[in-house]
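Worksheet for the structure shown next.
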Amino acid sequence: MKNNTLPHKVNITIIRADHMGMCFGVRDAIALAKRVVKQKPLTVLGELVHNTSVLTDLKQRGVHFEDNPHEVDTKTVMITAHGASERTRKKVHGATLQLEDATCPLVHFAHNKVRQLVCAGYHPVIIGRHGHVEVRGLTEDLEEYDVILSVEDIDRLAFHCRLGIIAQTTQPINRVLELVEYLKQKFQHSEVKFVDTVCRPTKQRQEAAEELALNADVVLVIGGQNSNNTGELASTCRQFCRRVHHVQGPGDVKTDWIKDGDIVGITAGTSTPDELINSVESKVRSFCH
Ligand code: SF4
């Protein structure tokens, strides 16, 4: 095991991104789960947040987690901030369960937009990660659709007269706009309509991460390994800074990442709680004079 004690302490400056950490959608979902479980047994469908410490805390409060509505042991289930399809909601009602809905309003917005595009005769194309819970929720009710995340995916698309594009709420807007541009070039004989469904907290965190990485020697991105938006923040930072580390908590921070005189930048994904950010910062501070 690696020794995490520095041979000598260092002088560093720590800067935080202007926007980072938990978004209102995730905060509200966690607050709802805590409120409901105080009154009655509760099962959350899927992962409420992609963060182990938050999930552990909720489990200790008595919240159950289950992927399949038919396997639920409690009378009340909760849909997470990521949202769910009508098909999943019907399964919940079919199993005669009471529903608590923590779907983020900005995910609802994306659901409404994709519905409107389909009603208007557009073939729906979702820019997002295949299999991600939000993308599953957006697509499960659709008869036909495509999910894309690269130009190679676009090259494989079949021709449609009308293409209606939306994005998973946590995709970096720059990537989304590049892919929409490529789609327009590739399908010049199609009508391509893009509705921007990337959420504002994601845009703010992405912009702030870019600014942070430009001004830091080393960047720590805090969040769960399976958190899509944390991963996206880390890749954005890597475009502007060579020393970027994705950490899940203070235990992951290594002394040899930090050198004397460094400006250390800190940012965090939308499911990372404030306490975790503070504990990572404290760990870094413990390396200082
Ligand atoms: S990341 Fe955006 S869409 Fe998702 S819960 Fe947070 S605010 Fe809502």
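For ligands, and for the atoms within them, numbers begin at 1 and follow the listed sequence.
Checking C23 against atom 2 (Fe) of ligand 1, every N/O/S atom stays at or beyond the 2.8 Å cut-off.
Near T170, the atoms of ligand 1 lying under 4.0 angstrom from a non-hydrogen atom of the residue are 1 (S). The ligand atoms of ligand 1 that sit less than 4.0 angstrom from a heavy atom of P201 are 7 (S). Those atoms of ligand 1 that come under 4.0 Å of a heavy atom in F24, given as number and element, are 7 (S). Under a 4.0 Å criterion applied to the non-hydrogen atoms of V107, ligand 1 contributes the atoms 3 (S).
Cluster annotation: L45 is connected to L97 through the hydrophobic network of ILVMFWY side chains, with a link wherever side-chain heavy atoms come within less than 4.5 Å. One hydrophobic cluster holds both V176 and I148 under the rule that ILVMFWY side chains link at heavy-atom gaps under 4.5 Å. Grouping the Ile, Leu, Val, Met, Phe, Trp and Tyr side chains by contacts below 4.5 angstrom, directly or via other members, places I263 apart from W257. L138 and Y145 fall within a single hydrophobic cluster, where Ile, Leu, Val, Met, Phe, Trp and Tyr side chains are chained together by heavy-atom contacts under 4.5 Å.
Residue-level proximity to ligand 1 for N229 is absent, since no heavy atom of it falls below 4.0 angstrom.
Between the side chains of T202 and T170, not a single donor N or O lies within less than 3.5 Å of an accepting N or O. If you check the side chains of R35 and Q39, you find no donor sitting under 3.5 Å from an acceptor.
When only non-hydrogen protein atoms are considered, atom 8 (Fe) of ligand 1 lies nearest to C104 SG, 2.3 Å. Counting only heavy atoms of the protein, atom 2 (Fe) of ligand 1 lies nearest to C199 SG, 2.3 Å. In terms of protein heavy-atom proximity, atom 4 (Fe) of ligand 1 is closest to T169 OG1, 4.0 Å.
Of the residues listed (N226, V26, T272), the one engaging H50 in a side-chain contact (heavy atoms from CB on, under 4.5 Å) is N226, and it is the only one.
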